[in-house]
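The chain is numbered in sequence order, starting from 1. In what follows, every heavy atom counts, from backbone to side chain, and hydrogens, waters and symmetry copies are set aside. Note that ligands are numbered from 1 as they come in the structure, with each ligand's atoms numbered from 1 the same way. This structure is a prediction, so every number in the text was calculated from the model and none was measured.
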Amino acid sequence: MHILLLGSGGREHALALALSKSPLLTRLFIAPGNPGTAPLGENVVLDVADHAAVVAFCHVMKIDFVVVGPEAPLVDGIVDSLRQNNILAFGPDKAAAQLEGSKGFTKDLCRDFHIPTADYQRFSDKAGALGFVRRKGAPIVVKADGLAAGKGVVVAATVSEAVEAIEMIFAGAFGAAGAEVVIEDFLDGEEVSFFALCDGTRALALASAQDHKRVGDGDTGPNTGGMGAYSPAPIMSEAMSARVMREIIEPTVAGMKARGTPFRGILFAGLMIGRDGPKLIEYNVRFGDPECQVMTLRLQDDLLALLLASAKGDLPEAPVHLKPQTALTVVMAAENYPGTPKKGTQIKGVEQAAAEPDVVIFHAGTKLEDGKLIANGGRVLNVTALGQNAAEAQAKAYRAVDRIDWPGGFCRRDIGWRAIS
Ligand code: AMP
Ligand code: GLY
């Protein structure tokens, strides 16, 4: 099969690596890809926002299947454009991508199908939102409705912080994404990510993971796209996974189907595990980055076969096979991330680091210039290791990190602390 993978991050490098091992694959294109995906297939220059260009490329290269990595093209309807042209694609269509594209949409679905989540109200007027938080008090959570690159959520410890967040969102800090807000109760507990493949009718549990959103050690500093992750998450016992499937994932798949917007693709549930069980914080409609890097390293089944089954509506009944080991990834970022990252610094020692046992290094914001590896983004490398447990995976990952010579970069030194403690 000829496969086109869309995206350029560490997630796409991990997907490319897993897809490249499939016996079903004959040719892999990655658009735009990165220096890590180049040896696994053919990186191609394509404007993913130009759906006609993507469709034309698929026709010329006889692409059988398109795998979409990031959320923006999904929410923008790339899968609809491909399907209208009889090109099979992995991921939800525009209507189903609303699960990530609109927080209000997801909250209403939870209400209609009895999916446990924080109590909430939607507001499209500032005065109503302000009145509501003044009545409810703090802590309280204020969210811009639409896609805001992970920055549209304020967990307000005080009413004045909540007021400030509402003012900021309605002043246009997130553009159209902030035309509406969701205000919800603060949830207490342990946060975990859970992934399930869906085929419109059924869901198949894939794996759990935990991310580290804050930039600094000890979960301090501003939020990022994720500074490291591991899989599995110890809190997700088999019983808890079964409960999440039964109480959250399966009702979501059934609800989306009942509404006439069946969900196909990977459902990434952000959960809070509290005293009275799991509650949904939010959905994403694509693999997490860097969660994908750790999950695919554990996957023993053919990823391409699973993604195809999701797109075609015939997911297998049998559970997926995962290595029992823990995979852990440390994100190396360019100085000043998550602010404007310092680009253009040289990175050395990646090959030596990758030669460490059970280590795989995924590229994200890198580029090659005259044979030199150069930092070209915020999150730059994902140093990933497999170990018998989280402590061993952590030790292996940091041993590899320490072989990388990159004065312009940094990483957290405590990835995995929760699983180890
Ligand atoms: P979201 O983009 O909805 O995942 O929110 C970003 C982060 O804000 C989450 O990963 C949580 O850490 C936090 N958060 C969101 N909603 C809540 C909530 N209702 N209670 C507590 N924390 C929340
Ligand atoms: N690492 C969090 C995300 O991909 O949204």
Side-chain angles (χ1 to χ4, degrees), residues 7 9-12 14-15 69-72 74-75 99-107 110 116-121 133 136 138-157 161-162 165 169 174 177-178 181-195 207-215 219-220 222-231 233 266-276 278-296 329-331 333 337-338 362 364 378-379 382 384 412 415 418:
R11 167 180 52 209
E12 286 74 24
L15 290 172
E71 64 276 19
L74 294 170
V75 172
L99 281 175
E100 178 161 359
S102 165
K103 297 194 188 287
F105 174 93
T106 297
K107 297 300 286 192
C110 289
T117 190
D119 284 342
Y120 72 104
Q121 291 268 350
V133 299
K136 287 279 280 188
I140 197 157
V141 183
V142 179
K143 303 184 174 185
D145 181 74
L147 287 188
K151 299 191 179 87
V153 174
V154 174
V155 179
E161 273 177 52
I169 293 170
F174 304 112
V181 298
V182 169
I183 301 180
E184 65 181 40
D185 287 352
F186 174 78
L187 296 174
D188 216 1
E190 183 170 336
E191 219 176 316
V192 63
S193 302
F194 186 82
F195 295 81
S208 65
Q210 268 168 322
D211 190 10
H212 300 64
K213 284 187 203 282
R214 304 297 195 96
V215 74
D219 293 330
T220 54
N223 269 333
T224 69
M227 293 300 291
Y230 51 85
S231 172
I266 180 103
L267 204 48
F268 165 177
L271 305 171
M272 192 70 86
I273 312 292
R275 291 168 67 175
D276 48 353
K279 286 194 172 151
L280 181 73
I281 298 176
E282 65 157 2
Y283 274 131
N284 297 306
V285 298
R286 34 94 193 162
F287 283 97
D289 186 344
E291 292 89 334
C292 183
Q293 290 82 314
V294 285
M295 293 194 306
T296 51
T329 189
V330 176
V331 170
Y337 176 77
F362 296 111
R379 295 188 293 171
N382 312 138
T384 313
R412 277 181 63 161
I415 299 303
R418 195 190 291 276

Option set Asp188, Val155, Asp185, criterion heavy-atom distance to atom 13 (C) of ligand 1, minimum:
Val155
Least distance between heavy atoms, Pro290 atom then Thr329 atom
CB-CG2, 3.7 Å
Which of the numbered atoms in ligand 1 are under 4.0 angstrom from any heavy atom belonging to Glu184?
16 (N), 17 (C), 18 (C), 19 (N)
Would you please classify the geometry between the Phe268 ring and the Phe195 ring as parallel, tilted or perpendicular, with 30° and 60° separating the classes?
tilted
Under 4.0 Å from one or more heavy atoms of Phe268, ligand 2 contributes atoms 3 (C), 4 (O), 5 (O)
For ligand 2, is Pro290 a contact, meaning one of its heavy atoms is under 4.0 Å away?
yes
Examine Asp211 against ligand 2 and note whether any of their N/O atoms are separated by less than 3.5 Å.
yes
Within the structure provided, determine whether Gln121 and Lys136 are in side-chain contact (heavy-atom separation under 4.5 Å).
no
When you measure from the heavy atoms of Phe287 to every atom of ligand 2, does any distance fall below 4.0 Å?
no
Quick check: does Glu291 get an N/O under 3.5 Å from an N/O on ligand 2?
yes
Answer yes or no: is there a side-chain heavy-atom contact under 4.5 Å between Tyr120 and Lys103?
no
Ligand 1 atoms nearer than 4.0 angstrom to some heavy atom of Phe186 are 20 (N), 21 (C)
CE/Met227 to NZ/Lys213 distance, rounded to the nearest 0.5 angstrom?
13.5 Å
What atoms of ligand 1 come closer than 4.0 angstrom to any heavy atom of Lys213?
10 (O)
A student comparing Thr106, Asn223, Val153 should find that the heavy atom closest to atom 6 (C) of ligand 1 comes from Val153
Given side chains that start at C-beta, do those of Ile281 and Lys143 come closer than 4.5 Å, heavy atoms only?
yes
Mark up the atoms of ligand 2 that fall under 4.0 Å of a heavy atom belonging to Gly288, in ascending order.
4 (O)
Numbering as shown, the atoms of ligand 1 that approach Lys103 to under 4.0 Å (heavy-atom distance):
2 (O), 3 (O)
Nearest heavy-atom approach of Gly10 to Asp289 is N-OD2, 3.7 Å
When you compare the side chain of Pro70 with that of Glu12, does any pair of heavy atoms fall below 4.5 Å?
yes
Close-contact set for ligand 2 against Gly225 heavy atoms, below 4.0 Å
1 (N), 2 (C)
Which value, rounded to the nearest 0.5 Å, describes the distance between Asp145 atom CG and Ile169 atom CD1?
10.0 Å
Numbering the atoms of ligand 1 from 1, which are under 4.0 Å from a heavy atom of Lys143?
3 (O), 15 (C), 16 (N)
Starting at NZ of Lys279, measure out to CG of Asp188 and round the result to the nearest 0.5 Å.
10.5 Å
Between ligand 2 and Arg286, can you find any atom pair, the residue atom being a heavy atom, that is separated by under 4.0 Å?
yes
